[in-house]
Amino acid sequence: LHLSGLRNPASLLGVGQLFESRTTDELSERCLKFLESEPGFSPAYESCVASLGSAGRIAEVKRVLALSSGREKELSYGARTTIADGQFRLGNLKEASAYYRTLTSVDPAKWNQIIYAEGLQGNLDLAGKAFAEYVRAVPREEPNAFDSIGEVYFFVGKYAEAERQFLAGVQKFPAFQDGIGKLKAAASRLA
């Protein structure tokens, strides 16, 4: 267990108590209490979000994620990934994008999630910049980038641009997803 981020060594006892929780109510209470006192302890975010999320405790997951606010650079890669994915699933796209941005230097494919997070907020310029970064940062050309930006344009009702992106992806990568880009392009034209 990586202990960086603990402000108080006595908090180690609280970590043990997290894993001894017998009910989801007890786990929820302990997660929130622990993270309120140790908001920089990365493993707790990973454990608490996963456990509470699988138990369907969405309100508690939201409270845990709120405790991570402003900690985008100090938490571990795993914690930031957990938080970014959790924020995205909850529809907190601005927060998700901020966390995903901190992950792109390690995993350039996270630009793909930023395409969606920004595009679904209506920030098409930022989605376009994320698309350009994704294509630039990945060592090989990335077919998924064209598909993702096409889907964003489709979701926001910019069907002609969606069709153009899907067709650009098909032209560069005809076998990607068994050529589904042609079907998506046709759907965009019909929409």
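Nothing fancy with the numbering, it's 1 onward along the sequence.
- No side-chain heavy atom of Val152 sits less than 4.5 Å from a side-chain heavy atom of Glu118.
- Between Arg57 and Asp25 there is a side-chain heavy-atom pair separated by less than 4.5 Å.
- When every heavy atom of Ala96 is checked against every heavy atom of Phe88, the shortest pair comes out as CB-N, 3.6 Å.
- Of all non-hydrogen atoms in Glu46 and Ala79, the two that sit nearest each other are OE2-N, 3.4 Å.
- Between Lys158 and Glu161, no side-chain nitrogen of the basic residue sits less than 4.0 Å from a carboxylate oxygen of the acidic one, so the salt-bridge criterion is not met.
- For the residue pair Leu35 and Ala44, the shortest heavy atom distance occurs at CD2-CB, 3.6 Å.
- For Phe154 and Phe166, the ring centers are positioned 6.0 Å apart or more.
- Between Asn112 and Asn144, the shortest heavy-atom contact is ND2-ND2, 3.2 Å.
- Atom-to-atom distance recorded for Tyr45:OH and Leu65:CG is 9.0 Å, nearest 0.5 angstrom.
- Summarising the geometry, atom NZ belonging to Lys33 is positioned 9.5 Å from atom CD belonging to Glu36; distances are rounded to the nearest 0.5 Å.
- Between the Ser28 side chain and the Thr24 main chain, no donor and acceptor come within less than 3.5 Å of each other.
- For Thr104 (side chain) and Arg101 (main-chain N/O), a donor-acceptor pair under 3.5 Å exists by modelled atom type.
- In this structure, Tyr134 and Pro108 approach most closely via the heavy-atom pair CD1-O, 3.7 Å.
- Using a 4.5 Å cut-off on side-chain heavy atoms (C-beta onward), Asp147 and Phe173 make no contact.
- Using a 4.0 Å cut-off between charged side-chain N and carboxylate O, Glu133 and Arg136 make a salt bridge.
- Residues Val170 and Phe131 are members of separate hydrophobic clusters, defined by side-chain heavy-atom contacts under 4.5 angstrom among Ile, Leu, Val, Met, Phe, Trp and Tyr.
- Contacts of Glu74 classified as side-chain contact (heavy atoms from CB on, under 4.5 Å), with partners at least two apart in sequence or in another chain: Arg71.
- Atoms CZ and CG, on Arg63 and Leu32 in that order, are 4.5 Å from each other to the nearest 0.5 Å.
- Arg80 places a side-chain N or O within 3.5 Å of a backbone atom of Thr102 that can act as its donor or acceptor partner.
- Rounding to the nearest 0.5 angstrom, the gap separating the CZ atom in Phe146 from the CD1 atom in Ile115 is 10.0 Å.
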Decide yes or no on side-chain contact (heavy atoms from CB on, under 4.5 Å) for Tyr100 and Trp111, but give the supporting numbers first.
CA-CA 7 Å; Tyr100 284 128; Trp111 284 111; over 6 Å; no
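- A continuous path of ILVMFWY side-chain contacts below 4.5 Å connects Ile58 to Leu67, so both sit in one hydrophobic cluster.
- Side chain of Ser37 to main chain of Phe34: a donor-acceptor pair is present (N/O by atom type, distance under 3.5 Å, no hydrogens or angles).
- Ion pairing between Arg30 and Glu20 fails under the 4.0 Å rule for side-chain N and carboxylate O.
- No more than 12 heavy atoms of other residues, nucleotides or ligands sit less than 6.0 Å from atom CD of Glu29.
- Contact between Ala130 and Ile114 at its shortest, heavy atoms only, is CB-CG2, 3.6 Å.
- In the hydrophobic cluster analysis, where Ile, Leu, Val, Met, Phe, Trp and Tyr join through side-chain heavy atoms closer than 4.5 angstrom, Phe155 is grouped together with Tyr159.
- In the hydrophobic clustering (ILVMFWY side chains linked at under 4.5 Å, chained through shared members), Leu126 stands by itself.
- Between Gln87 atom CD and Asp85 atom CG the span is 10.5 Å, to the nearest 0.5 Å.
- Residues Tyr116 and Ser148 form a side-chain contact, since some pair of their non-hydrogen atoms from C-beta on lies under 4.5 Å apart.
- To the nearest 0.5 angstrom, Arg189 atom CZ is 7.0 Å from Leu167 atom CG.
- With Ser97 contributing its side chain and Leu93 its backbone, the two residues share no donor-acceptor pair below 3.5 Å.
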Show your reasoning for whether side-chain contact (heavy atoms from CB on, under 4.5 Å) applies to Ser68 and Tyr99.
CA-CA 10 Å; Ser68 71; Tyr99 268 93; 3.3 Å; yes
